Structures are given as structure tokens and as C-alpha cells.
Amino acid sequence: MANMDKLVALVNSFASAVLSVGHDVGLNIALDKSKVSPGIKVPEISTAAVIGVVGAGSRGTIIIMLDESAFQNIILTMSGGMIHPKIGDDVSMSVIGELSNMIGGRALVRSSLGTVDVTPPQLITGSAVQTVTKENPEMKSFTLPFMLQPSGGLYLALSFKID
């Protein structure tokens with residue numbers, strides 16, 4: 001598989017995994033195709049899950065970033081309203097970790113890239129969490145913005161080096 005084909009497979013696999021897992025857990029989620037962009041470009045977020053990916057001629061990171069409204073929407077939906085969303089709370093954060101695992105696993109199965117290892121999600125919280133990326137011509141980065149109803153933004157930032 002050519003480098004560009006692998007990159008396209010990864011981006012498409014993760015985008016479809018966010019949508020399918022989101023729908024499976026009851027989220028009303030849609031990709032805002034008009035705002036898909038190269039590079040890492042996200043507004044203010046409050047929570048992020050970082051997953052490392054290595055293997056089959058590729059390595060990189062996937063970052064699932066949520067604004068506060070999306071965080072609350074996801075916790076309430078996935079828990080059936082049983083968990084009160086609170087950023088930094090262990091139970092709320094475990095819900096975000098589980099969602100990240102589900103998205104990562106489904107995407108990698110769909111990508112057909114062969115053997116790939118992923119790290120457990122590292123969860124980051126705080127006010128105005130930002131990504132700081134170093135420009136590297138070998139790394140290709142993309143931001144895929146997803147909108148949740150009734151409110152919230154989930155941003156999928158993908159950075160990969162394909163050998």
C-alpha cells in the first residue's frame with residue numbers, strides 16, 4: 001500500500017469509527033466536512049485523550065479533544081444520565097477513556113494496516129487545553145471536527161508518519 005493510501009486509510013478509518021461508535025453509544029454526531037483541515041486546529045477544549053499508534057510502517061498519535069459541552073453530552077449519554085459529568089472526576093474520565101478505546105479499536109480494525117500497537121489513552125483535562133505541534137515535513141496532520149447535538153464539539157487530530 002502506497003504511503004498516501006495508508007494515510008487516507010487511517011484518516012477515513014478514524015473518521016468512520018468516531019461516527020459509528022458515536023451512534024452505537026447513542027450520540028447524535030456528525031462530521032463537519034467543511035471544516036476538515038490539514039494541521040492541528042481546534043478551538044478551546046477542556047478534555048483530551050491521546051493515543052499512540054505504532055506498527056505496519058506507520059507511527060503517530062490520535063488525539064480526541066472535547067469542548068466542555070461535548071464532554072457533558074458524552075458522559076450523560078453514555079451513562080444514561082446516571083453519572084454527573086465533572087471534568088477530572090475519575091468516573092467521568094473513565095467514560096472518556098472507554099469511548100477513546102472503542103474509537104481507536106474500531107478504526108484500527110477497519111484500516112486493514114496489519115499489526116498495529118496502540119497505547120492506552122492518556123487523559124488530559126484543564127481549562128483551555130491546547131495542542132502545540134512542531135512542524136515536521138515527515139508528519140502529516142489533520143483535524144476532523146465533529147458536532148454533537150444538542151451541543152458540543154469533538155475534534156479528532158491525527159498525526160502520522162508513514163514509512
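Basis for what follows: all heavy atoms, side chains included, without hydrogens, waters or symmetry-related copies. Computed from a prediction, not measured in an experiment: that's the story for all the values here. Along the sequence shown, the residues carry numbers beginning at 1.
- By the side chain to side chain donor-acceptor pair (under 3.5 Å) test, S100 is found to be paired with no residue, residues two or more places apart in sequence or in another chain being considered.
- Looking at residues two or more places apart in sequence or on another chain, you find no side chain to side chain donor-acceptor pair (under 3.5 Å) involving K35.
- Not counting sequence neighbours, S94 has no partner by the side chain to side chain donor-acceptor pair (under 3.5 Å) test.
- Across all their heavy atoms, M65 and I63 have their closest contact at CG-CG2, 3.4 Å.
- A distance of 13.5 Å separates CZ of F14 from CZ of F142, quoted to the nearest 0.5 Å.
- With sequence neighbours excluded, the residues forming a side chain to side chain contact (heavy atoms under 4.5 Å, CB included) with S69 are D67, S151, listed by chain and number.
- Between atom CD1 of residue I40 and atom CG of residue L158 there is a gap of 7.5 Å, rounded to the nearest 0.5 Å.
- Residue pairs satisfying the salt bridge (Lys or Arg N to Asp or Glu O under 4.0 Å) criterion with at least one member in residues 13-28, sequence neighbours excluded, are listed as follows: D24-R106.
- Listed by chain and number, the residues in a side chain to side chain donor-acceptor pair (under 3.5 Å) with T143 amount to none (sequence neighbours excluded).
- One distance of note links OG1 of T61 with CE of M139; it measures 5.5 Å at 0.5 Å rounding.
- Between I64 atom CD1 and I96 atom CD1 the span is 9.0 Å, to the nearest 0.5 Å.
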Side-chain donor-acceptor pairs of residues 76-91 under 3.5 Å, sequence neighbours excluded:
from: T77; atom 1: OG1; to: N73; atom 2: O; distance (Å): 2.8
from: T77; atom 1: OG1; to: N73; atom 2: OD1; distance (Å): 3.2
from: S79; atom 1: OG; to: I75; atom 2: O; distance (Å): 2.8
from: S79; atom 1: OG; to: G81; atom 2: N; distance (Å): 3.4
from: S79; atom 1: OG; to: M82; atom 2: N; distance (Å): 3.3
from: S79; atom 1: OG; to: I83; atom 2: N; distance (Å): 3.1
from: D89; atom 1: OD2; to: V91; atom 2: N; distance (Å): 3.3
from: D89; atom 1: OD2; to: S92; atom 2: N; distance (Å): 3.0
from: D89; atom 1: OD2; to: S92; atom 2: OG; distance (Å): 3.4

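- Atom CG in L144 sits 12.0 Å away from atom OH in Y155 (nearest 0.5 Å).
- With sequence neighbours excluded, the residues satisfying side chain to side chain contact (heavy atoms under 4.5 Å, CB included) with N28 are Q149.
- Closest approach of P121 and N101 over heavy atoms only: CD-OD1, 3.1 Å.
- For the atom pair OG1 (T47) and CD1 (I74), the distance works out to 9.0 Å, reported to the nearest 0.5 Å.
- Side-chain contact between M102 and V25 is present, with at least one heavy-atom pair separated by less than 4.5 Å.
- Partners of N12 by side chain to side chain contact (heavy atoms under 4.5 Å, CB included), not counting sequence neighbours, listed by chain and number: V8.
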